Amino acid sequence: QLQLVESGGGLVQPGGSLRLSCAASGVSLDNYVIGWFRQAPGKEREGVSCISRSGSATYYGDSVRGRFTISRDNAKNTVYLQMNSLKPEDTAVYYCAAARFATVHVMCLRSLGDYWGQGTQVTVSS
């Protein structure tokens with residue numbers, strides 16, 4: 001059974017940076033497409049960024065493209081989300097998910113995931 005644990009969230013001022021980590025246990029992440037999603041209060045879950053099994057393909061949502069970078073280290077069984085130039089509208093609970101059969105676009109646009117983490121809060125405020 002694949003288990004995902006997010007970390008790295010917190011309170012940051014506008015313009016600041018955070019790096020989220022999604023650590024997997026139980027199963028190797030090599031065979032999974034991984035995505036980062038977020039959900040703010042009163043809003044639907046949004047696909048932030050997704051990365052293919054090898055890391056060669058990525059997808060970014062329009063609201064984060066150019067500011068966020070997704071990466072993965074399969075040797076460490078971990079996926080990262082580097083978030084720069086953070087804005088108050090980035091405030092949300094961030095989740096990582098793993099999908100066995102999906103493209104990065106489909107996973108992010110349809111919020112697909114076979115396994116989900118418990119989420120980590122990111123708050124951008126002065």
Side-chain angles (χ1 to χ4, degrees):
Q1 182 80 7
L2 176 61
Q3 294 182 323
L4 302 172
V5 178
E6 303 94 336
S7 62
L11 174 64
V12 63
Q13 292 186 343
S17 298
L18 283 174
R19 188 176 82 154
L20 304 183
S21 298
C22 173
S25 62
V27 176
S28 172
L29 278 183
D30 291 13
N31 294 321
Y32 292 88
V33 179
I34 305 298
W36 284 98
F37 301 83
R38 67 186 182 186
Q39 188 163 23
K43 294 188 177 181
E44 293 187 354
R45 186 167 57 196
E46 172 189 12
V48 175
S49 183
C50 294
I51 188 167
S52 63
R53 295 174 184 81
S54 67
S56 60
T58 57
Y59 169 91
Y60 294 94
D62 290 342
S63 60
V64 306
R65 190 174 295 116
R67 299 188 296 123
F68 291 11
T69 303
I70 192 170
S71 61
R72 65 189 298 162
D73 186 338
N74 286 341
K76 294 183 178 179
N77 233 22
T78 302
V79 176
Y80 306 97
L81 184 69
Q82 178 67 43
M83 306 187 295
N84 298 330
S85 302
L86 283 162
K87 305 175 181 179
E89 50 264 42
D90 294 318
T91 296
V93 178
Y94 284 70
Y95 302 89
C96 67
R100 188 69 189 271
F101 302 107
T103 66
V104 293
H105 291 82
V106 169
M107 184 179 188
C108 262
L109 291 174
R110 298 185 182 180
S111 294
L112 297 180
D114 299 314
Y115 301 94
W116 291 83
Q118 83 290 346
T120 185
Q121 176 71 45
V122 171
T123 302
V124 184
S125 174
S126 56

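The structure displayed is predicted, hence computed values, not measured ones.
Across all their heavy atoms, Gly119 and Val93 have their closest contact at CA-CG1, 3.9 Å. The two residues Ala99 and Gly113 make their nearest non-hydrogen contact at CB-CA, 4.4 Å. The two atoms that bring Ile51 and Arg72 nearest to each other are O-NH1, 3.7 Å, heavy atoms only. Across every non-hydrogen atom of Leu2 and Tyr115, the tightest pair is O-CD2, 3.5 Å. In this structure, Ser111 and Gly47 approach most closely via the heavy-atom pair OG-N, 4.5 Å.
No donor-acceptor pair closer than 3.5 Å links the side chain of Asn74 to the backbone N or O of Asn77. Proximity of a side-chain donor or acceptor of Glu6 to a complementary backbone N or O of Cys22 within less than 3.5 Å is not detected. Between the side chain of Ser52 and the main chain of Ala57, a donor-acceptor pair closer than 3.5 Å is present.
Contact check for Tyr60 versus Thr69: side-chain heavy atoms found under the 4.5 Å cut-off. With a 4.5 Å cut-off on side-chain heavy atoms, Gln118 and Val5 count as touching. Side-chain contact between Gln121 and Thr91: present, with at least one pair of heavy atoms (C-beta onward) separated by less than 4.5 Å. Within the 4.5 Å cutoff, no side-chain heavy atoms of Leu4 are placed close to those of Trp116. Within the 4.5 Å cutoff, the side chain of Gln82 has heavy atoms near those of the Ser17 side chain. In this structure, the side chains of Cys50 and Thr58 stay at 4.5 Å or more apart for every pair of heavy atoms. By the 4.5 Å heavy-atom criterion applied to side chains, Leu81 and Ser49 are counted as neighbours. Between Pro14 and Pro88, the closest side-chain pair of non-hydrogen atoms falls below 4.5 Å.
Residue Arg45 places its CZ atom among more than 12 non-hydrogen atoms of other residues, nucleotides or ligands, all under 6.0 Å distant. Within 6.0 Å of the CD atom in Glu44, the count of heavy atoms belonging to other residues, nucleotides or ligands does not exceed 12.
With hydrophobic clusters built from ILVMFWY side chains whose heavy atoms lie under 4.5 angstrom apart, Tyr80 does not share a cluster with Leu18. Under the 4.5 Å side-chain contact rule for hydrophobic residues, Tyr95 and Val122 do not share a cluster. No continuous path of ILVMFWY side-chain contacts below 4.5 Å connects Val79 to Leu112, so the two sit in separate hydrophobic clusters. Using a 4.5 Å cut-off between side-chain heavy atoms of Ile, Leu, Val, Met, Phe, Trp and Tyr, with links allowed through other members, Tyr59 and Val48 fall into different hydrophobic clusters.
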Identify each donor-acceptor pair in which a side-chain atom of residues 29-39 lies under 3.5 Å from a protein atom, sequence neighbours left out, and give them as a table.
unit_1: Asp30; atom_1: OD1; unit_2: Ser28; atom_2: OG; d: 3.1
unit_1: Arg38; atom_1: NE; unit_2: Glu46; atom_2: OE1; d: 2.9
unit_1: Arg38; atom_1: NH1; unit_2: Asp90; atom_2: OD1; d: 2.9
unit_1: Arg38; atom_1: NH1; unit_2: Tyr94; atom_2: OH; d: 2.9
unit_1: Arg38; atom_1: NH2; unit_2: Glu46; atom_2: OE1; d: 3.4
unit_1: Arg38; atom_1: NH2; unit_2: Ser63; atom_2: OG; d: 3.1
unit_1: Gln39; atom_1: NE2; unit_2: Lys43; atom_2: O; d: 3.1

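Atoms CD and OG, on Gln3 and Ser25 in that order, are 4.5 Å from each other to the nearest 0.5 Å.
Donor-acceptor pairing under 3.5 Å is recorded for the side chains of Ser56 and Ser54.
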Steps toward side chain to side chain contact (heavy atoms under 4.5 Å, CB included) verdict (Val27, Gln1):
CA-CA 7 Å; Val27 176; Gln1 182 80 7; 5.9 Å; no
